[in-house]
Amino acid sequence: MDFINWYDWITPTNPMASIFFGILFTIIIGITVWVESKEVKMLVVTTLTGIAVTLIGVSALTAIGFYT
């Protein structure tokens with residue numbers, strides 16, 4: 001099983017690829033929020049919320065057998 005394929009950013013094929021791209025996109029969004037607001041608190045809240053949503057989403061998809 002490969003860790004990341006070139007098409008995993010569209011539809012991830014395994015949980016690790018989902019977590020990787022979810023956190024990558026979360027960091028990009030967090031930086032965008034920080035550039036717009038210039039508040040570190042907003043950056044932290046956005047990033048932590050995005051990571052939590054990513055982990056919960058991957059856990060739910062794994063539980064229902066999406067990656068098998």
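Since this is a predicted model, take the numbers as computed values, not measurements. Starting from 1, each residue takes its place in the sequence as its number.
- A donor-acceptor pair under 3.5 Å is formed between the side chain of N14 and the backbone N or O of M16.
- Summarising the geometry of Y67 relative to P12, their closest heavy-atom pair is CE2-O, 3.8 Å, with the distance given to 0.1 Å.
- Across L43 and G30, no two heavy atoms sit closer than the pair CD1-O, 3.2 Å.
- Across all their heavy atoms, T26 and I51 have their closest contact at CG2-N, 3.9 Å.
- In this structure, L48 is not a member of the same hydrophobic cluster as I29, with clusters built from ILVMFWY side-chain heavy atoms closer than 4.5 Å.
- Using a 4.5 Å cut-off between side-chain heavy atoms of Ile, Leu, Val, Met, Phe, Trp and Tyr, with links allowed through other members, M42 and I31 fall into different hydrophobic clusters.
- In this structure, CD1 on I23 lies 6.5 Å from OG1 on T54, to the nearest 0.5 angstrom.
- The local environment of NZ in K41 is sparse, with at most 12 non-hydrogen atoms from other residues, nucleotides or ligands closer than 6.0 Å.
- Residues F21 and I4 come closest through the heavy atom pair CE1-CG2, 3.8 Å.
- Of all the heavy atoms in V58 and S18, the pair that sits closest is CG2-CB, 3.5 Å.
- In the hydrophobic cluster analysis, where Ile, Leu, Val, Met, Phe, Trp and Tyr join through side-chain heavy atoms closer than 4.5 angstrom, V35 is grouped together with V44.
- Residue V45 is not grouped with residue W34 when hydrophobic side chains (ILVMFWY) are merged at heavy-atom distances under 4.5 angstrom, including chains of intermediate members.
- The cluster map of Ile, Leu, Val, Met, Phe, Trp and Tyr, joined by side-chain heavy atoms under 4.5 Å apart, puts I56 and I64 in different clusters.
- Within the model, atoms CZ of F20 and CH2 of W9 stand 14.0 Å from one another, a figure rounded to the nearest 0.5 Å.
- Judged by distance alone, the side chain of T68 and the main-chain N or O of G65 form a donor-acceptor pair under 3.5 Å.
- The minimum heavy-atom distance linking A17 with D8 is given by the pair CB-OD2, 3.5 Å.
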